[in-house]
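Values in this document were obtained by computation on a predicted structure and should not be read as measured data. Residue numbers count from 1 along this sequence.
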Amino acid sequence: MSEDKKYTDAGLEIKKLYTAADLPLLPEAPGTFPYTRGIQPDMYRGKLWTMRQYAGFSTAAESNRRYHYLLSQGVSGLSVAFDLPTQIGYDSDHALAEGEVGKVGVAIDSIEDMQELFQGIRLEDVSTSMTINATGFILLAFYTALAKQQGADLSKISGTIQNDILKEYAARGTYIYPPKPSMRIITDIFEWCSKELPKWNTISISGYHIREAGSTAVQEVAFTLANGKAYVEAALKKGLDINVFGKRLSFFFNSHNNLFEEVAKFRAARRMWAQIMKDLGATDPKAMMLRFHTQTGGSTLTAQQPLNNISRVTIQTLAAVLGGTQSLHTNGYDEALSLPTEEAARIALRTQQIVAFESGAADTVDPLAGSFYVENLTSALEAAAKKLMEQIESRGGSVAAIEQGFIQEEIARSAYAYQRQIEDNEKIIVGVNKFQVQEETNIPILRVDDSIRQIQSEKLARLRQMRDHGKVDQCLQELNDCASGDENIMPAVLHAVENKCTLGEIADTLREVFGEHR
């Protein structure tokens, strides 16, 4: 790139000066279609975003202690991380789980683990987000079974399962079943929740992992909204009402360091999604609103001079708030080194609280609206994302584009180009390729003991010994029959978890019917 020109991280050219001549038509009032300025007329004047801290590691009991700590420090919603065996449908005592149990999240094998995870927490009183995809339907069943045990009113239970399998094929890799049965599971969840858990967000269509894999902001919007459109079309094909399930769709975006590009990204995404839903037949305004959770950018954190990450997370927090997020998780400064320690998690939460209560950023709606630069950048980003979505449509839509490898190749190309810019010093990362120091890292690191697998395996052995084996066999056969036909699988899954079938047993039953994606 020539020295006299500047570009955003997504490659959009930045002029030296913006004037009124660069201003597109000013957007509508907040809370009105297409929601460029926010989905609520008063935004944070009425209610602050939900402050979540993503946590989960080791055993359910250990994670439960962290949740109680976070609740005592002022979080307003919980966000659960699951370990890799849980994410891909293996019990902790499975051979393939070795070395991974409790490492990147909490191990959940059965209803008993879910009981421990939320010990002392009333599910009616918290909003819980669960980052789980291929096995999201099983974790939702565990959560529902626990709510029923607590005597909760299911119509008041609120939260989100990520449940976004398309981005797993494109960017992350924790899938189990092929695309077609995976899409069926997702639409079964839409249908079941509309009747049983009306306040539950049935999917969090995720750009976060697309961005973590190396995409640009433009690609994050285009690929995420294309995936969202595919889910809506699948639900419509099943005969579901867009004005009902459309209200329970949510999104999950990344927030990076390029402050103005990120704000423009969030504004453009809202505007684009409202039009997509309108074109697909939505008439209820709430079914057209793009509601989203944001997490600060994990891939932007550096192991070098890790305390610098506090500044990065602050910029990313401001971008999310100025862009109108509904919910936010801020990363710990030590997450390039390990899972966050309690101190790092507290500083991350305090970052949100300082922005909320001290910065003034939440005092007025969409404070950057009318900025010559931000309005121009919002429209430029929207135009670039629409162009990319048109390429996806020309390939037959998101599922086909993933099957053809188009989306994966585009992300890989962007990731490579960005890394080259860093290595060629075109892109400065403070403390990495400039302003380095000789440093000895004495940051405390949270380590998860390998003995967790043994603890979980012993719990599983006790569970299998004590439960009613006849009922377990009956429940798994019932699930097999449902999956082999066209009945909604959720009632059978709920029945199975209530009768102490394990996550791995349920996932394996469906592996027999659906096969595995290779």
Exercise. Using the six-membered ring of Tyr333, assess whether NZ or CZ of Arg350 lies under 6.0 Å from its centre and within 45 degrees of the ring axis.
Key: no

Quiz item: So, Arg52 side chain and Val75 main chain: donor-acceptor pair closer than 3.5 Å or not?
Solution: no

Practice problem: Could you pull out the closest heavy-atom pair between Glu220 and Gly207, with the gap in Å? | Solution: CG-O, 3.5 Å

Quiz prompt | Under 3.5 Å side-chain donor-acceptor pair for Thr502 and Asp91 | solution = yes

Practice problem: Measure across Ile452 and Ser58 and return the closest heavy-atom pair with its distance rounded to 0.1 Å. | Solution: CD1-OG, 3.1 Å

Quiz item: Any side-chain heavy atom of Phe190 sitting closer than 4.5 Å to one from Leu249?
Solution: yes

Quiz item: Of the non-hydrogen atoms in Ile157 and Lys199, which two are nearest, and what is the gap between them?
Solution: O-CB, 3.6 Å

Exercise. Could you tell me whether the side chain of Tyr208 and the main chain of Thr296 form a donor-acceptor pair under 3.5 Å?
Key: yes

Self-check item: Worked verdict on Gln352 versus Thr317 for side chain to side chain donor-acceptor pair (under 3.5 Å)
Solution: CA-CA 7 Å; Gln352 292 201 50; Thr317 300; over 6 Å; no

Self-check item: Side-chain heavy-atom pair Gln316, Thr294 within 4.5 angstrom cut-off
Solution: no

Quiz item: With respect to Lys459, which candidate in Asp113, Asp93, Asp109 satisfies the salt bridge (Lys or Arg N to Asp or Glu O under 4.0 Å) definition?
Solution: Asp113

Quiz item: Would you say the side chains of Asp481 and Gln477 form a donor-acceptor pair under 3.5 Å?
Solution: yes

Quiz item: Going by distance alone, is a donor N or O of one side chain under 3.5 Å from an acceptor N or O of the other, for Lys47 and Gln40?
Solution: no

Practice problem: Please report the C-alpha distance between Ser299 and His256 in whole Å, then the side-chain angles of each, then the deciding distance to 0.1 Å, and finally whether the side chain to side chain contact (heavy atoms under 4.5 Å, CB included) criterion is met. | Solution: CA-CA 9 Å; Ser299 62; His256 274 219; 3.7 Å; yes

Quiz item: Between Leu140 and Cys193, which heavy-atom pair has the shortest distance, and what is it?
Solution: CD2-SG, 3.7 Å

Quiz item: Between Ile407 and Tyr169, does a side chain to side chain contact (heavy atoms under 4.5 Å, CB included) hold up when you go through it step by step?
Solution: CA-CA 10 Å; Ile407 291 176; Tyr169 301 124; over 6 Å; no

Quiz item: Is the backbone of Val321 close enough, under 3.5 Å, to the side chain of Thr325 for a donor and an acceptor to pair up by distance?
Solution: no

Self-check item: Donor-acceptor under 3.5 Å (Arg511 side chain, Gly89 main chain)
Solution: yes

Practice problem: Work out which heavy atom in Thr314 is nearest to a heavy atom in Thr351; give both atom names and the distance. | Solution: OG1-CG2, 3.6 Å

Self-check item: NZ (Lys471) with more than 12 external heavy atoms under 6.0 Å
Solution: no

Quiz item: Is the CG atom of Asp486 crowded by more than 12 outside heavy atoms at less than 6.0 Å?
Solution: no

Quiz item: Side-chain donor-acceptor pair under 3.5 Å between Thr144 and Glu196, yes or no?
Solution: no

Quiz item: Is it the case that more than 12 heavy atoms not belonging to Arg45 sit under 6.0 Å from its CZ atom?
Solution: no

Quiz item: Just checking, is any N or O donor in the side chain of Thr128 or Tyr143 under 3.5 Å from an acceptor N or O on the other one?
Solution: yes

Quiz item: Does a side-chain heavy-atom distance below 4.5 Å link Leu78 with Ile121?
Solution: yes

Self-check item: Identified ring-ring contact (aromatic ring centres under 6.0 Å, His included) counterpart of Phe292 within the set Phe252, Tyr35, Phe266
Solution: Phe266

Quiz prompt | Interatomic distance, Glu116 atom CD to Ser63 atom OG [nearest 0.5 angstrom] | solution = 10.0 Å

Quiz prompt | Donor-acceptor pair, side chain of Gln326 and main chain of Gly324, under 3.5 angstrom | solution = yes

Quiz item: Distance-only, no hydrogens or angles: does the Gln150 side chain make a donor-acceptor pair with backbone N or O of Leu123 under 3.5 Å?
Solution: yes

Practice problem: Run the numbers on Arg248 and Asn201 for side chain to side chain contact (heavy atoms under 4.5 Å, CB included), then give the verdict. | Solution: CA-CA 5 Å; Arg248 304 287 12 131; Asn201 295 323; 2.9 Å; yes

Quiz item: Is there a donor-acceptor contact under 3.5 Å linking the side chains of Thr330 and Gln53?
Solution: yes

Quiz item: If we only count heavy atoms from C-beta on, is the Leu139 to Met114 side-chain gap below 4.5 Å?
Solution: yes

Quiz item: Is it true that the side chains of Gln295 and Asn331 contain a donor and an acceptor less than 3.5 Å apart?
Solution: yes

Exercise. Check the pair Glu112 / Arg467 against salt bridge (Lys or Arg N to Asp or Glu O under 4.0 Å), numbers first and verdict last.
Key: CA-CA 12 Å; Glu112 291 184 354; Arg467 66 189 183 177; over 6 Å; no

Quiz prompt | Considering all heavy atoms, the nearest Gly102-Ala107 contact | solution = N-CB, 4.3 Å

Quiz prompt | Main-chain N/O of Leu117 paired to Asn64 side chain as donor or acceptor, under 3.5 Å | solution = yes

Quiz item: Within a reach of under 6.0 Å around CD of Glu98, are more than 12 heavy atoms found that belong to other residues, nucleotides or ligands?
Solution: no

Self-check item: Pairs touching residues 460-516 that satisfy ring pair (Phe, Tyr, Trp, His ring centres under 6.0 Å), sequence neighbours left out
Solution: Tyr177-Phe514

Quiz item: Can you list every salt bridge (Lys or Arg N to Asp or Glu O under 4.0 Å) pair that touches residues 139-154, not counting sequence neighbours?
Solution: Lys148-Glu498

Quiz prompt | Criterion salt bridge (Lys or Arg N to Asp or Glu O under 4.0 Å) on Lys238 and Asp188, from CA distance to verdict | solution = CA-CA 9 Å; Lys238 195 181 175 81; Asp188 278 0; 2.8 Å; yes

Quiz prompt | Main-chain N/O of Pro340 paired with Glu335 side-chain donor or acceptor, under 3.5 Å | solution = no

Practice problem: Report yes if the side chains of Ile411 and Phe223 come closer than 4.5 Å at any heavy-atom pair, otherwise no. | Solution: yes

Quiz prompt | Asn133 backbone acceptor or donor facing Tyr175 side chain under 3.5 Å | solution = no

Quiz prompt | Separation of Asp334 CG from Leu307 CG (nearest 0.5 Å) | solution = 9.5 Å

Quiz item: Can you tell which of Asn227, Ile185, Ile186, Ile203 makes a side chain to side chain contact (heavy atoms under 4.5 Å, CB included) with Ile165?
Solution: Ile186

Self-check item: Check: Arg66 side chain, Gly56 main-chain N or O, donor-acceptor pair, under 3.5 Å
Solution: no

Quiz item: Do other residues, nucleotides or ligands put more than 12 heavy atoms under 6.0 Å from the CD atom of Glu516?
Solution: yes

Quiz item: Does the side chain of Thr135 come within less than 4.5 Å of Phe82's, by heavy atoms?
Solution: no

Practice problem: Run the numbers on Arg211 and Lys265 for side chain to side chain contact (heavy atoms under 4.5 Å, CB included), then give the verdict. | Solution: CA-CA 12 Å; Arg211 193 69 179 277; Lys265 177 187 80 179; 3.4 Å; yes

Quiz item: Would Arg172 and Thr174 satisfy side chain to side chain donor-acceptor pair (under 3.5 Å), going step by step from the backbone distance to the final call?
Solution: CA-CA 6 Å; Arg172 192 162 173 267; Thr174 62; 3.0 Å; yes

Practice problem: Answer whether the closest heavy-atom distance between the side chains of Pro179 and His517 falls below 4.5 Å. | Solution: yes

Quiz prompt | For Phe251, ring-ring contact (aromatic ring centres under 6.0 Å, His included) partners two or more places apart | solution = Trp273

Exercise. Tell me yes or no: between the side chains of Glu478 and Gln474, is some donor less than 3.5 Å from an acceptor?
Key: no

